[in-house]
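What you see is a predicted model; the values in this text were computed from it and never measured.
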Amino acid sequence: MQECSTATEFRRVDHGGASEMRPPAYRLLRPLAGRSGVLVCCPHSGRFYPGDLLHSSKLDRLALRRSEDAFVDELMAASPVLGASLLVADFARAYVDLNRSPDELDPDLIHDLPSGDRRVPSPRVLAGLGVIPRTVGDGVEIYASRLSFAAAQARLNEVYVPWHAAIEGLIEAEKQAVGQSFVLDCHSMPASASGLPENDIVLGDRFGAACAPIYMAEAFSFLRSKGLRVARNNPYAGGYATERYGKPAQNQHSLQIEINRSLYMVEGAMSKRNSFADVAEILSGLVARLVEVAEARVPRRSG
């Protein structure tokens, strides 16, 4: 498991017959003090668009960024100071979607998908939003031509496999060290997809299946106390990662947070609003509160 500083350490990689400076699959920043078992994940805020994506896409970079959870990693940047680990993806979501099952491969995108890798397509795959996305935004097609299965597997091996191995390693390390883990999976949502009436925040715990009730209750209460409109499990109940890593019976908990982009950015321009610092401060307070909750739940060791 790689730990590194806030500066992304690019390295030269030969990929698809071309040489390119590429970042690692993730950046991990550990807390400065304390052990709470809290891990803050930002899987969709990556801003690196590899050359093999740009060259095969019929969209420009700005159009590709429509699927990006822009700046969420910056909103959560204070997490290590507050006692939580911070795991950040640098590769763009349009390249590999880390919040999907690895077998959500799109037969409409991958022209030679082996029969053994074909599944009944999930609603996400049918919408073009598989682990290798075919579309961005409202169904806008990314590619001028289809991809090979080998190219898809290369992306998963470079980005997806190390990311999830890192999460699993961190969860197990925290359970060994403090007896528990808690993952806060951080995303942003378009204002138009935030529910009716419009929500500022949507918290998802798979309808109570992914974490102990206190985590949802405390997060909901804290955010409401800041004057935000907060919903639970509607329209987002938690995605693949929340389901995969939320196993309360095994002392590992997961909560998804969706942040309305209009709170902190101008969606069409992909630029920050003046309110960005205020939203970041609220989210820092949320992380601090969840660290307190987790620390209070750390099993007491006898002896």
Q: Mind running side-chain contact (heavy atoms from CB on, under 4.5 Å) on Ile201 and Asn260 for me, showing each step along the way?
A: CA-CA 6 Å; Ile201 301 287; Asn260 190 321; over 6 Å; no
Q: Measure the shortest side-chain to side-chain distance between Leu64 and Tyr95 over non-hydrogen atoms and say whether it is less than 4.5 angstrom.
A: no
Q: Search all heavy atoms of Val202 against all heavy atoms of Asn234 and return the closest pair with its distance.
A: CG1-O, 3.8 Å
(Q) Could you check whether any side-chain N or O of Glu267 sits under 3.5 Å from a backbone N or O of Ala191, counting only pairs where one atom can act as donor and the other as acceptor? (A) yes
Q | Value rounded to 0.5 Å, distance of CZ in Arg229 from CG in Leu223 | A | 13.0 Å
Q) Are any non-hydrogen side-chain atoms of Leu105 and Val131 less than 4.5 angstrom apart? A) yes
Q) What about Phe222 and Ile259, same hydrophobic cluster or not, with Ile/Leu/Val/Met/Phe/Trp/Tyr joined at side-chain heavy-atom distances under 4.5 Å? A) yes
Q) Nearest 0.5 Å, what's the CG-OG distance between Leu87 and Ser79? A) 11.0 Å
Q.
Using a 3.5 Å distance criterion without hydrogens, assess whether the side chain of Arg66 forms a donor-acceptor pair with backbone atoms of Val136.
A. no
Q) Looking only at side chains, do Lys175 and Gln252 share a donor and an acceptor under 3.5 Å apart? A) yes
Q: Using atom types as modelled and distance alone, determine if a side-chain donor or acceptor of Gln256 lies under 3.5 Å from a backbone N or O of Gly239.
A: yes
Q.
If only side-chain N and O atoms count, and only distance matters, is there a donor-acceptor pair under 3.5 Å linking Tyr245 with His164?
A. yes
(Q) I want to check a possible cation-pi pair here: Arg22 against Phe48, using under 6.0 Å from ring centre and within 45° of the ring axis as the test. (A) no
Q | Rounded distance [0.5 Å steps], OG in Ser188 versus CG in Leu263 | A | 10.5 Å
Q. How long is the span from the NZ atom in Lys247 to the CD1 atom in Ile171, to the nearest 0.5 Å?
A. 8.0 Å
Q. Is there a side-chain contact between Arg244 and Glu168 (heavy atoms, below 4.5 Å)?
A. yes
Q. Would a hydrophobic clustering, with Ile, Leu, Val, Met, Phe, Trp and Tyr connected at side-chain separations under 4.5 Å, put Met189 with Val279?
A. no
Q) Between the side chains of Tyr49 and Glu68, is a donor N or O closer than 3.5 angstrom to an acceptor N or O? A) yes
Q. Quick one: does Pro107's side chain get under 4.5 Å of Val125's, heavy atoms only?
A. yes
Q: Can you see which heavy atom on Asp108 is nearest to which on Arg146, and at what distance?
A: O-NE, 3.4 Å
**Q.** hydrophobic_cluster_shared for Phe207 and Tyr240, side chain cutoff 4.5 Å
**A.** no
Q) Can Arg47 and Asp73 be counted as an ion pair, charged N to O under 4.0 angstrom? A) yes
Q | Note, His253 side chain near Ser181 side chain (heavy atom, < 4.5 Å) | A | no
Q) Going through the checks in order, is the side-chain contact (heavy atoms from CB on, under 4.5 Å) test met by Arg261 and Asp69? A) CA-CA 8 Å; Arg261 293 173 190 164; Asp69 287 352; 3.0 Å; yes
Q.
Can a donor-acceptor pair be found, under 3.5 Å and without considering hydrogens, that links the side chain of Ser275 to the backbone of Asp278?
A. no
**Q.** Stepwise side-chain contact (heavy atoms from CB on, under 4.5 Å) check, Cys41 with Leu184
**A.** CA-CA 6 Å; Cys41 291; Leu184 181 65; over 6 Å; no
Q) Does NZ or CZ of Lys58 come closer than 6.0 Å to the centre of the six-membered ring of Tyr143, within 45° of the ring's axis? A) no
Q. To the nearest 0.5 Å, how far apart are CG in Leu28 and CH2 in Trp163?
A. 9.5 Å
**Q.** Sidechain N-carboxylate O distance under 4.0 Å for Arg155, Glu158
**A.** no
(Q) If you define the side chain from C-beta out and look only at heavy atoms, does anything of Glu198 sit under 4.5 Å from Ser262? (A) yes
Q.
Does any part of the side chain of Thr242, heavy atoms only, come nearer than 4.5 Å to the side chain of Val183, both counted from C-beta?
A. no
Q.
Minimum heavy-atom separation for Ala210 and Pro248, please, with both atom names.
A. C-CG, 3.6 Å
Q) Does the gap between the ring centers of Tyr215 and Phe182 come in under 6.0 Å? A) yes
Q) What about Val291 and Leu255, same hydrophobic cluster or not, with Ile/Leu/Val/Met/Phe/Trp/Tyr joined at side-chain heavy-atom distances under 4.5 Å? A) yes
Q: State plainly whether one hydrophobic cluster holds both Leu129 and Val159, where clusters connect Ile, Leu, Val, Met, Phe, Trp and Tyr through side-chain heavy atoms under 4.5 angstrom apart.
A: no
Q | Atom pair OG/CD of Ser36 and Gln180 - distance to nearest 0.5 Å | A | 7.5 Å
Q.
If the threshold is 4.0 Å, N to carboxylate O, is there a salt bridge linking Glu74 and Lys272?
A. yes
Q) Ile110 and Ser148: which non-hydrogen atoms are nearest, and at how many Å? A) CG2-C, 3.9 Å
(Q) Please evaluate residues Asp90 and Arg27 with respect to the criterion side-chain contact (heavy atoms from CB on, under 4.5 Å), reporting the C-alpha separation (whole Å), side-chain torsions for both, the decisive distance (0.1 Å), and the verdict. (A) CA-CA 8 Å; Asp90 280 312; Arg27 285 174 287 139; 2.8 Å; yes
Q.
Assess, by modelled atom type and distance only, whether the side chains of His44 and Asp97 contain a donor and an acceptor separated by less than 3.5 Å.
A. yes
(Q) Donor-acceptor check, side chain of Asn233 to backbone of Asp205, threshold 3.5 angstrom: yes or no? (A) yes
(Q) Treating Ser221 as the side-chain partner and Ala217 as the backbone partner, does any N or O pair qualify as donor plus acceptor under 3.5 Å? (A) no
Q: Among Arg35, Glu295, Arg297, find the one that has a side-chain contact (heavy atoms from CB on, under 4.5 Å) with Val178.
A: Arg35
Q | Side chain Asn199, main chain Ser194, donor-acceptor under 3.5 Å | A | yes
**Q.** Test item: Ser57 side-chain N/O and Leu53 main-chain N/O as donor-acceptor pair under 3.5 Å
**A.** no
Q. Does the side chain of Glu141 pick up a donor-acceptor pair with the side chain of Thr135 at under 3.5 Å?
A. no
Q | Minimum side-chain heavy-atom gap Glu174-Ser85 below 4.5 Å | A | yes
